[in-house]
J.: 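Below you'll find the structure I mean.
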Amino acid sequence: MAASRAPGITFAGNPEGGFIFPEFLPAFDAVSSLVRLLSLLSVSGRPLSSSLAGIDPPAMAHREVTTPFEAKGAVMRTLLERAVASEVVLVDGVKLVDEEGWALVVPDAEGPATLVTTQGKTPAEAELRAESMAGQIASIIAGAEER
């Protein structure tokens, strides 16, 4: 945000998808970004659907691993301890990010389950990542039950 205040800067962004239009507001603003997008679409004369048609949907996979309530903390703690990803994000759960994609593990707030969501470069890679993470969780649960 500080860099966007420099003279001559008309746009700034970050890798997470935040956009800054400093002539309007030198901070991230989703509404401003939406208005800019709509403005660009109106000038192009193309509907949003035709622009989106050229973008492949992300390759994602989901798993639900049955997890006893008393093992949820051990699962999350152990995954964090074992993390070898390039980046670990602890906002929604434990998100492990690397060059090939990511895996997000979240304990279900209501039921005896751990939820796994993954993204890969292809659907097969996302599925493989989800299966691997589900296997790790099952292994952690089995180890916790042995104690």
Side-chain angles (χ1 to χ4, degrees), residues 1-4 9-22 24-42 44 46-147:
M1 289 187 334
S4 73
I9 301 296
T10 59
F11 172 79
N14 70 3
E16 288 79 34
F19 301 125
I20 298 174
F21 299 94
F24 173 71
L25 178 69
F28 297 109
D29 186 343
V31 174
S32 175
S33 297
L34 175 62
V35 169
R36 281 295 171 128
L37 173 63
L38 294 174
S39 172
L40 291 170
L41 285 170
S42 71
S44 73
R46 294 176 49 191
L48 179 58
S49 59
S50 71
S51 298
L52 293 177
I55 300 174
D56 291 331
M60 302 199 48
H62 305 278
R63 294 288 183 282
E64 184 173 311
V65 182
T66 301
T67 308
F69 283 100
E70 60 274 6
K72 288 183 180 185
V75 166
M76 301 305 286
R77 192 171 39 258
T78 304
L79 285 175
L80 187 55
E81 290 169 356
R82 292 180 183 174
V84 293
S86 303
E87 179 183 1
V88 177
V89 181
L90 302 174
V91 175
D92 297 320
V94 175
K95 185 175 185 180
L96 308 171
V97 183
D98 60 35
E99 298 81 27
E100 304 300 316
W102 52 261
L104 173 63
V105 179
V106 180
D108 188 300
E110 298 174 5
T114 300
L115 309 175
V116 177
T117 303
T118 61
Q119 182 178 21
K121 291 183 177 180
T122 66
E125 288 179 16
E127 290 290 337
L128 185 62
R129 187 179 291 261
E131 278 302 313
S132 172
M133 192 57 62
Q136 289 181 50
I137 294 167
S139 172
I140 295 166
I141 293 168
E145 290 174 351
E146 290 176 4
R147 292 183 208 158

J.: Measure the shortest side-chain to side-chain distance between Asn14 and Phe28 over non-hydrogen atoms and say whether it is less than 4.5 angstrom.
T.: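 They are in side-chain contact.
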J.: Just so I know, are the side chains of Glu100 and Glu125 near enough to count as touching, which here means a heavy-atom distance under 4.5 Å?
T.: yes
J.: If you measure from OG on Ser132 to CD1 on Ile137, what distance do you get to the nearest 0.5 Å?
T.: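 Ser132 atom OG to Ile137 atom CD1 measures 9.5 Å (nearest 0.5 Å).
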J.: For the side chain of Thr117 and the backbone of His62, is there at least one donor-acceptor N/O pair under 3.5 Å apart?
T.: no
J.: Going by side chain to side chain contact (heavy atoms under 4.5 Å, CB included), Gln136 matches just one of Val75, Thr78, Val105, Leu79. Which one?
T.: Leu79
J.: Validate the cation-pi geometry between Arg36 and Phe21: distance from NZ or CZ to the six-membered ring centre under 6.0 Å, angle to the ring axis within 45°.
T.: yes
J.: Just how far is it from atom CG of Leu40 to atom OG of Ser51, taken to the nearest 0.5 Å?
T.: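 Atom-to-atom, Leu40:CG and Ser51:OG are 10.0 Å apart.
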J.: Indicate the atoms forming the closest heavy-atom contact of Phe69 with Pro112, along with that distance.
T.: CZ-N, 3.7 Å
J.: Are any non-hydrogen side-chain atoms of Ile141 and Thr114 less than 4.5 angstrom apart?
T.: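 Side-chain contact under 4.5 Å: no.
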J.: Could you report the tightest heavy-atom contact between Ala103 and Met133, atom names first, then the distance?
T.: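 In terms of heavy atoms, the two residues are closest at CB-CE, 3.8 Å.
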J.: Do Leu104 and Leu115 have side-chain heavy atoms sitting under 4.5 Å apart?
T.: no
J.: For the pair Arg63 and Glu127, evaluate side chain to side chain contact (heavy atoms under 4.5 Å, CB included) and give the outcome as yes or no after the intermediate values.
T.: CA-CA 9 Å; Arg63 294 288 183 282; Glu127 290 290 337; 2.5 Å; yes
J.: Drop me the distance from Ile20's CD1 to Ile9's CD1, to the nearest 0.5 angstrom.
T.: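 CD1 of Ile9 is found 10.5 Å from CD1 of Ile20.
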J.: Mind listing the closest non-hydrogen atom pair of Ala126 and Gly120 along with its distance?
T.: CB-N, 3.6 Å
J.: Check for a donor-acceptor pair, side chain of Lys72 on one end and backbone N or O of Ala109 on the other, with a separation under 3.5 Å.
T.: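 Side chain of Lys72 to backbone of Ala109: no pair is present.
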J.: How long is the gap from OG1 on Thr118 to CG on Leu128, to the nearest 0.5 Å?
T.: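 Reported to 0.5 Å precision, the distance equals 9.0 Å.
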J.: At what distance, to the nearest 0.5 angstrom, does CG of Leu41 lie from OG of Ser50?
T.: 8.0 Å
J.: Knowing that exactly one of Val89, Leu96, Val97 qualifies, which makes a side chain to side chain contact (heavy atoms under 4.5 Å, CB included) with Trp102?
T.: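 For Trp102, the side chain to side chain contact (heavy atoms under 4.5 Å, CB included) check succeeds only for Val97.
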J.: So, the side chain of Thr67 versus the backbone of Val65: is there a donor-acceptor pair under 3.5 Å, distance only?
T.: yes
J.: Would you find a donor on one side and an acceptor on the other, under 3.5 Å apart, between the side chain of Ser33 and the backbone of Asp29?
T.: yes
